[in-house]
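Keep in mind that what you see is a predicted model, and the values were worked out from it rather than measured.
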Amino acid sequence: MEAIVIEKEKDKAVPKFKTIDESALPKGDVLVRVNYSALNYSDAATMFNIWNMVESFPHIPGIDFVGTVIWSSNEKFDVGERVLHTSYGVGYNRFGGLAEKAVSNGDWLIKVPDSVTDIQVMGLGTVGLTAMLAITELETNGLIPDDGKVLVTGATGGVGSLSIQLLHQLGYEVVASTGKLDSSAEYLKSIGASEVIDRDVFKTETKENLEDENYAGFIDSIGSNTLSRAIKQLQYEGVGISTGIVTGLDLDISLAPFVMRGVKLIGINSVYAEKGKRERAWKRLFELVDFETLGKSLRIEPIEKVPQLAQNMLNGNNTGRIVVRV
């Protein structure tokens, strides 16, 4: 079968589009013919083993896929059913979905309703699930649209763009932060942002323990200084959600926002989210998403282009969501 295969060459991980024997697939109770996958930032990092998560080579990346069951020993799934998969370590420590076939376990799969296409499913994928889990946490912790502006950092990325669309659908006033102000401002407004600002306002460190109360909440996928500054700008009893660590794991902040303003910071890990929580999030996604708006942020690319697309993504040259035609 054809796949993106990561090989090790002179101590470097190198992704290639090539043929690999199907017998190399891991064990599992459901075999899926993959129709579409996606390219996430974590997939791009895995392909070049930036985070040292790939332990053995060759390896097939791809944390997301959607396709048709072609064999199953799991009574919950029948041959011919459409299913989607995200996370559970697949793509990192187990062969993933950037291949013509993928093996999964029934506990990891979600059935796809007839009302949604494969492209739409992968237009959501892990980033859609993460965004929905993040928004659910904002709501669970009391945030409502009347509370004030919600900041979304990394706005042109997958989680960022989906968060903007979903928050807009729910009636929130969204401020989008991006490093591509000139080229992406109109696009971000077209998917639901009411205001677009330059990410540079969050990049530098500040010795202030608190800043102006600009936001009722935020969804951050950047981390490091951006996350620190966003926390300092939460208003009283504001809620912040951390979903990513693009610029680093460090967090330079005092306890002042938490003690003096009573803010909350909540982390989202969609990789091992409980099955029931996943099912509820996917059900709500399929009901809530404006798929016409979603289509504005999608790019459909053939699997053979994935290695170069991954490099472009790591270089910061990507906008929107890349759906991979397998």
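Rounding to the nearest 0.5 Å gives a distance of 7.5 Å between CG of Asp107 and OH of Tyr88. We find the CD1-OG distance between Ile219 and Ser177 to be 13.5 Å, quoted to the nearest 0.5 Å.
Aromatic ring pairs are classed by plane angle as parallel below 30°, tilted from 30° to 60° and perpendicular above 60°; the pair His59 and Phe95 is perpendicular.
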Practice item. For the pair Lys149 and Glu195, evaluate side chain to side chain contact (heavy atoms under 4.5 Å, CB included) and give the outcome as yes or no after the intermediate values. Key: CA-CA 10 Å; Lys149 298 177 180 179; Glu195 183 181 351; 3.3 Å; yes
Exercise for review: In sequence, state the C-alpha distance, the side-chain angles, and the governing distance for Lys101 and Glu22, and then conclude on salt bridge (charged side-chain N to carboxylate O under 4.0 Å, His left out).
Suggested key: CA-CA 8 Å; Lys101 294 179 183 179; Glu22 186 179 328; 2.9 Å; yes
**Study point:** Evaluation steps, side chain to side chain contact (heavy atoms under 4.5 Å, CB included), between Val326 and Tyr36
**Key:** CA-CA 5 Å; Val326 180; Tyr36 288 87; 5.6 Å; no
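Between the side chains of Asn40 and Asp64, at least one donor-acceptor pair of N or O atoms lies under 3.5 Å. Side-chain polar atoms of Thr86 and Arg278 form a donor-acceptor pair below 3.5 angstrom. Between the side chains of Asp29 and Asn74, a donor-acceptor pair is found at a separation under 3.5 Å. Between the side chains of Asn141 and Lys264, at least one donor-acceptor pair of N or O atoms lies under 3.5 Å.
For residues 196-247, no pair satisfies ring pair (Phe, Tyr, Trp, His ring centres under 6.0 Å), with sequence neighbours left out.
Between the side chain of Ser297 and the backbone N or O of Arg321, no donor-acceptor pair lies under 3.5 Å.
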Show every donor-acceptor pair shorter than 3.5 Å between a side-chain atom in residues 300-307 and any protein atom, with sequence neighbours excluded, or say none if there are none.
{"unit_1": "Glu301", "atom_1": "OE1", "unit_2": "Lys305", "atom_2": "NZ", "d": "3.1"}
{"unit_1": "Glu301", "atom_1": "OE2", "unit_2": "Arg299", "atom_2": "NH2", "d": "3.2"}

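Of the listed residues (Asn269, Thr153, Thr130), just one forms a side chain to side chain contact (heavy atoms under 4.5 Å, CB included) with Thr243, and that residue is Thr130.
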